[in-house]
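One structure is given below, encoded as structure tokens.
Computation of the quantities below employed the complete heavy-atom set of this structure, encompassing side-chain atoms and omitting hydrogens, waters and symmetry-equivalent molecules.
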Amino acid sequence: MLNIPKTASPGSHFNIIFEVKSPTKLQEPIIVSVGVPAYWQVLFKKEPQNQVNEETLRYIYTIMSPKFAKAGSFTLYVYAKRKDGPIISKKLLIDVVRVRKVEITPVVLPEYVKEGDTLKVEYLIHNLGNSQEEVRLESIGGRIEFNNDSLKIGPNESVRLKNIQLIKESDSNSWETPLGIKAYLKDSLVPIQVINSLPVYSNKIKKKDPYLRFPIEAGIWYTNYMIGNKNTSGVQFDIRGRGFLDMKGKHFLDFTAHGPTNIDIPILGSYDVYSLNYSFKNQNFIKLGDYTLQFNNLMEFGRFGRGMRIDNEFKKLGFSGFYIQPRFFNEQKETFGGSFFLKPSTKFRVSIDYMSKYMVKKNRAFWSDLVGVSTKFQGKVLNWETEVVGNRVEQQYDYGLFNRVSIQLKRFQLHSDYIYAGKDFYGYYNNSYLLVNNLSIALSKKISIGVGNNITRINPSLDAINFNISPYNSSIQAFTSFQLSKFSNLLLSYNKQEREDRLEPKKFHFKQDFARIAYNLNAPKFILWYEGRYGTAQNLLQNNDASVPRQSIANSLQPQVRVFPWMWIGGMAEHQRTSRFSTENTLTDLFFYGGSLRMFVGDKLNANFSYRNNFAPDELIENRSLVDLSVGLRIKNHSFNLTAGQTFIPNLSVDFQKTTYLSLKYTLRINAPVAKNKNLSNIRGQILGLSNSTSKKGIVVQLGEKRMLTDENGNFYFNKLIPDKYYLEIDKSTTPFGVITNVKLPLEVNLKADSTTNIQIQLLKTGGIEGKVFFEDGEKLATNYTEKPVVLVKLFNDNESFVTQLNESNRFSFKEMKPGTWQILATLAGNEEGFTVINAQQTIEIVVDKIKKTEFAVRPVERQIEFMPRTFKLVDKQGTDSKKQNSNRTSTDNKKKVSQPISKNNKANQAKKLFDSTPVSLILKREPILIKLEVEPKFQLQNRIVQRNKTKTGNIEGNRTSSIKQSDNLNKSVASNLE
């Protein structure tokens with residue numbers, strides 16, 4: 001065997017070259033044949049013209065696999081036999097590669113849809129690969145009329161299904177709605193999808209309020225707190241507003257009035273808030289009253305207080321200034337400052353910042369002055385932010401640094417945060433240090449690895465309402481992440497950690513190292529989170545045996561189930577066996593459990609409930625909710641809210657740490673008018689009849705829900721419309737049969753402010769087309785395809801197009817069409833590999849009051865290769881002159897070689913030249929093909945390939961068939977193969 005390919009693609013052809021050798025010179029010809037599997041084709045073969053007195057004979061065969069040959073190994077056989085000798089065979093293995101190709105085709109899409117309609121669109125899913133595919137389907141904007149979540153489609157099999165979508169209402173007169181389906185192949189995260197956007201027209205004109213209205217919410221709260229053994233209750237008012245003040249959207253206002261303060265502990269909105277925010281063109285901002293100051297990372301990262309702030313931003317520069325009196329941080333009495341910044345480009349910004357704080361700390365009052373420079377760059381690959389701040393307190397100087405870098409380059413991601421603040425630095429941080437680094441590399445689309453570290457020694461100046469304590473923490477981590485599917489992922493990691501409580505007396509200080517596994521599943525109807533840890537821990541609060549590591553095991557499970565489309569039920573269970581919190585440094589079992597309920601009934605009712613019995617000591621560093629209940633009901637402009645629960649507050653004394661609360665709130669929504677739109681528009685229109693004598697009266701013209709009858713002259717009008725986009729229609733039931741308009745309806749009308757739009761619509765008489773598609777019988781032909789394809793018929797011209805399907809009788813029609821010259825085209829939607837349409841596109845003239853007839857024929861694709869009884873000569877590429885001579889003498893030489901005698905030497909030279917030449921590649925087209933190859937006048941070989949599509953899985957591979965069998969007479973089998 002000289003040239004044996006290892007693999008082949010379905011529907012492709014390949015060459016095999018082999019030699020037959022004899023220990024002595026042959027005295028008579030030998031018979032050689034090739035056996036191929038069922039439906040495989042021997043397209044062409046070249047044999048030695050002279051075999052006598054030869055010891056080595058070279059053969060070339062061109063073989064084609066079926067279009068949908070299954071993936072896997074196939075066996076071919078080469079047979080050789082002397083006249084009276086035994087059959088010698090050689091087995092060849094060819095691997096057909098797997099081809100995965102699934103196409104989704106919408107059969108017919110409507111041109112538009114109306115609000116409130118139920119839209120049904122049929123799709124054809126066709127497997128063009130050579131193996132069975134398991135497909136999971138998802139609808140885009142609707143639901144699929146299909147019982148199973150997934151389906152199996154065999155090679156060249158088609159499945160038809162419908163996507164059903166309810167067109168919801170909108171506040172607009174028209175909009176676009178997405179429509180389509182997604183198909184996920186098994187073991188693939190990338191969907192095959194078809195998405196179309198259809199125009200939606202409203203059935204009625206959305207009532208446009210001529211007034212610009214400012215939304216306001218006015219409410220009243222009742223709140224009850226049980227803090228320790230002390231019960232406190234109170235009533236508060238709450239008024240909020242947020243919206244534009246002018247028609248052009250330049251002036252924006254946001255205000256809040258909430259109070260009075262109920263209790264001294266600021267929790268759950270128990271403190272009063274009065275604020276007023278104004279902006280002009282989204283460039284100039286003013287804040288008055290209560291607000292949260294976020295100036296920068298080092299000076300003031302978040303401080304709630306009362307004062308004012310002004311910000312002005314222009315194209316290349318800007319500035320800001322502020323004054324604030326903190327309300328919930330007793331060490332800071334008042335603060336003022338500002339900044340000036342430049343923006344050389346949209347990606348880069350640099351600013352100079354100044355702030356001064358009046359501080360009272362440990363019976364010492366002083367001013368802390370801070371000056372700094374900050375830069376910020378945002379790009380596609382690099383994001384970078386840096387701050388450098390100097391601080392002066394009386395005659396002492398110190399500084400702070402902040403740096404954040406994020407790099408994302410293909411599969412490489414790096415993120416780094418760094419914070420430093422000196423002992424005499426009195427900004428947002430004091431005597432602090434933080435270093436966080438994370439590096440990850442994506443090895444593939446599903447696997448990532450990474451490392452990270454976290455060193456936290458920060459002392460932030462937190463407001464009392466934050467309820468957060470920052471423990472000291474040091475950790476390093478190495479991890480591997482696996483994306484198991486679209487909905488699930490798995491994380492494996494190894495961690496070393498030290499964690500220390502900042503409060504005295506300390507509740508925890510431990511070291512631990514552990515291996516961690518975390519699994520997350522987020523499916524449409526089920527959510528699951530699992531985390532498991534196994535390692536060792538050391539309790540550093542105990543002097544005795546603190547150096548002895550103890551076993552530490554933890555498991556946590558949190559499932560959630562969607563029992564109804566509007567309800568989720570969940571639970572949680574956690575167990576820890578560790579010594580890190582034990583006062584005796586012994587292994588202790590900790591159990592935590594809880595549950596949750598979520599309900600969303602439309603946009604009117606929602607409810608949430610959660611319960612947890614407790615948390616681990618190192619988790620109680622911030623405000624934690626043990627019981628939480630919230631219920632909201634909305635009826636038109638009225639809202640009712642119930643909030644209740646139990647909260648753990650870490651920075652209170654033990655007796656007051658658990659707080660139980662209940663809050664009831666009623667809110668009324670008011671849309672206060674602030675400006676009136678006086679620039680209304682009008683429509684004036686006329687229906688033009690078929691002739692002056694034709695009645696134009698009584699035709700219904702519709703604009704949304706507004707309807708109007710035309711007068712005797714065909715006139716109609718619509719007045720006092722808000723400038724917007726509208727769609728005008730004519731009720732066809734009020735026009736004569738066989739009459740249409742000269743413009744496509746619905747007609748889009750764009751109304752400008754304070755204007756009148758004139759419209760004229762001409763009525764036209766119509767004609768029509770009727771036709772039929774004939775499917776030619778191909779059952780008498782050898783075929784792998786058993787079901788006819790889907791045929792779509794399209795009628796179009798330069799301006800319009802219409803598509804229809806065949807009915808059960810294979811007929812179609814286009815009625816009430818404009819007179820003129822049209823093109824009509826029949827196409828195959830899926831399953832088109834084995835069929836072709838004869839005379840697929842036709843020109844047709846539509847005449848008034850006439851129905852034109854037309855026909856199409858669909859037949860199986862026929863491919864035919866015929867070997868004629870003449871010599872086929874191949875010539876080496878030896879030069880330009882040689883090519884020209886061979887080209888000029890091809891016809892004459894071939895005819896002569898049939899009758900002229902050939903000498904022994906000429907035969908030998910000709911055979912050598914023939915087998916040294918390059919094999920011919922054959923390209924088969926969809927139309928019937930007749931290929932004539934000239935060979936020795938021994939036989940005539942006809943090989944006819946007929947393919948028809950099918951929609952059921954069939955065994956394309958079949959059983960191997962050979963042209964020579966051990967039990968058959970050799971001459972008979974070879975002759976049968978060559979016929």
Side-chain angles (χ1 to χ4, degrees), residues 446-452 454 471 473-485 487-501 507-523 525-542 548-563 568-598 609-622 624-628 646 648:
K446 296 185 177 182
I447 303 176
S448 299
I449 61 173
V451 293
N454 184 341
N473 183 74
S474 298
S475 66
I476 59 173
Q477 179 190 49
F479 68 88
T480 302
S481 174
F482 301 90
Q483 186 69 40
L484 303 179
S485 68
F487 302 110
S488 63
N489 59 71
L490 179 69
L491 179 68
L492 304 176
S493 66
Y494 175 76
N495 304 262
K496 292 180 68 69
Q497 183 184 44
E498 180 178 352
R499 196 168 173 86
E500 181 181 0
D501 190 6
K507 295 182 179 180
F508 58 87
H509 185 195
F510 59 85
K511 284 184 178 182
Q512 62 177 351
D513 61 284
F514 56 89
R516 176 175 177 262
I517 179 173
Y519 174 76
N520 181 41
L521 173 65
N522 193 355
K525 296 182 180 180
F526 184 69
I527 297 175
L528 176 66
W529 167 260
Y530 168 76
E531 181 180 7
R533 297 184 179 188
Y534 180 83
T536 60
Q538 296 174 253
N539 189 346
L540 301 181
L541 293 179
Q542 302 300 317
V548 179
R550 304 286 184 178
Q551 185 185 52
S552 181
I553 302 175
N555 288 280
S556 176
L557 185 67
Q558 300 181 35
Q560 294 186 55
V561 181
R562 187 175 184 175
V563 293
W568 286 82
I569 295 178
M572 69 83 53
E574 182 178 354
H575 168 251
Q576 295 187 24
R577 182 170 178 80
T578 182
S579 63
R580 53 189 173 141
F581 307 120
S582 172
T583 57
E584 299 176 356
N585 198 25
T586 59
L587 290 176
T588 306
D589 291 303
L590 303 175
F591 295 95
F592 307 105
Y593 54 87
S596 64
L597 173 67
R598 292 185 292 156
F609 171 78
S610 66
Y611 165 76
R612 179 167 175 141
N613 68 320
N614 209 338
F615 292 84
D618 63 330
E619 295 178 295
L620 296 175
I621 59 173
E622 59 183 345
R624 292 288 188 176
S625 178
L626 301 175
V627 181
D628 188 11
Q646 187 180 56
F648 177 87

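Crowding of Tyr593 atom OH: a count of heavy atoms from other residues, nucleotides or ligands under 6.0 Å not exceeding 12.
Counting only N and O atoms by type, the side chains of Arg516 and Gln477 include no donor and acceptor under 3.5 Å apart. Glu498 and Asn473 share no side-chain donor-acceptor pair at under 3.5 Å. Looking only at atom types and distance, the side chain of Ser475 has no donor-acceptor partner in the side chain of Asn495 under 3.5 Å away.
A distance of 8.5 Å separates OH in Tyr611 from CD in Gln646, rounded to the nearest 0.5 Å. Considering NZ of Lys446 and OG of Ser485, their distance stands at 8.0 Å, rounded to 0.5 Å. Here the OG1-CZ distance, from Thr578 to Phe514, works out to 10.5 Å after rounding to the nearest 0.5 Å. Of the inter-residue distances, the one linking Gln576 atom CD with Thr588 atom OG1 reads 11.0 Å to the nearest 0.5 angstrom. Within the model, atoms CD of Gln551 and CG of Leu587 stand 6.5 Å from one another, a figure rounded to the nearest 0.5 Å. Distance check: Ser481 OG to Ile449 CD1 gives 11.0 Å after rounding to the nearest 0.5 Å.
Leu484 places a side-chain heavy atom less than 4.5 Å from the side chain of Tyr519. When side chains are defined from C-beta on, Pro471 counts as touching Phe508, because their heavy atoms get closer than 4.5 Å. For the pair Gln558 and Tyr530, the minimum side-chain heavy-atom distance is 4.5 Å or more. Annotation: side chain of Leu557 is in contact with side chain of Leu528 (closest heavy-atom distance under 4.5 Å).
Side-chain N or O atoms of Asp501 include one that pairs as donor or acceptor with a backbone N or O of Lys507 at under 3.5 Å. Using a distance-only test at 3.5 Å, with no hydrogens or angles considered, a donor-acceptor pair links the side chain of Arg624 to the main chain of Glu619.
Residues His509 and Asn539 share a closest heavy-atom pair of O-OD1, 3.5 Å. In this structure, Trp568 and Gln560 approach most closely via the heavy-atom pair CZ3-O, 3.8 Å. Pairing each heavy atom of Ser552 with each of Ala537, the nearest pair is CB-CB, 3.9 Å. Residues Leu521 and Ser488 come closest through the heavy atom pair CD1-CB, 3.8 Å. Minimum interatomic distance between Asn613 and Phe591 (heavy atoms only, all atoms of both residues): ND2-O, 3.3 Å. Across Ser493 and Phe479, no two heavy atoms sit closer than the pair CB-CB, 3.7 Å.
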For side-chain hydrogen bond (donor to acceptor under 3.5 Å, both in side chains), just list the numbers for Thr536 and Asp513, CA-CA rounded to whole Å, side-chain angles, deciding distance to a tenth of an Å, and then say yes or no. CA-CA 6 Å; Thr536 60; Asp513 61 284; 2.8 Å; yes
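Looking at Asp618 and Arg580, a side-chain N of the basic residue comes within less than 4.0 Å of a carboxylate O on the acidic one, giving a salt bridge.
Screening Asn555, Leu491, Leu492 against Ile517 for a side chain to side chain contact (heavy atoms under 4.5 Å, CB included) leaves a single residue, Leu492.
For the pair Arg612 and Phe615, the cation sits on the ring face: its NZ or CZ lies under 6.0 Å from the ring centre, inside 45° of the axis.
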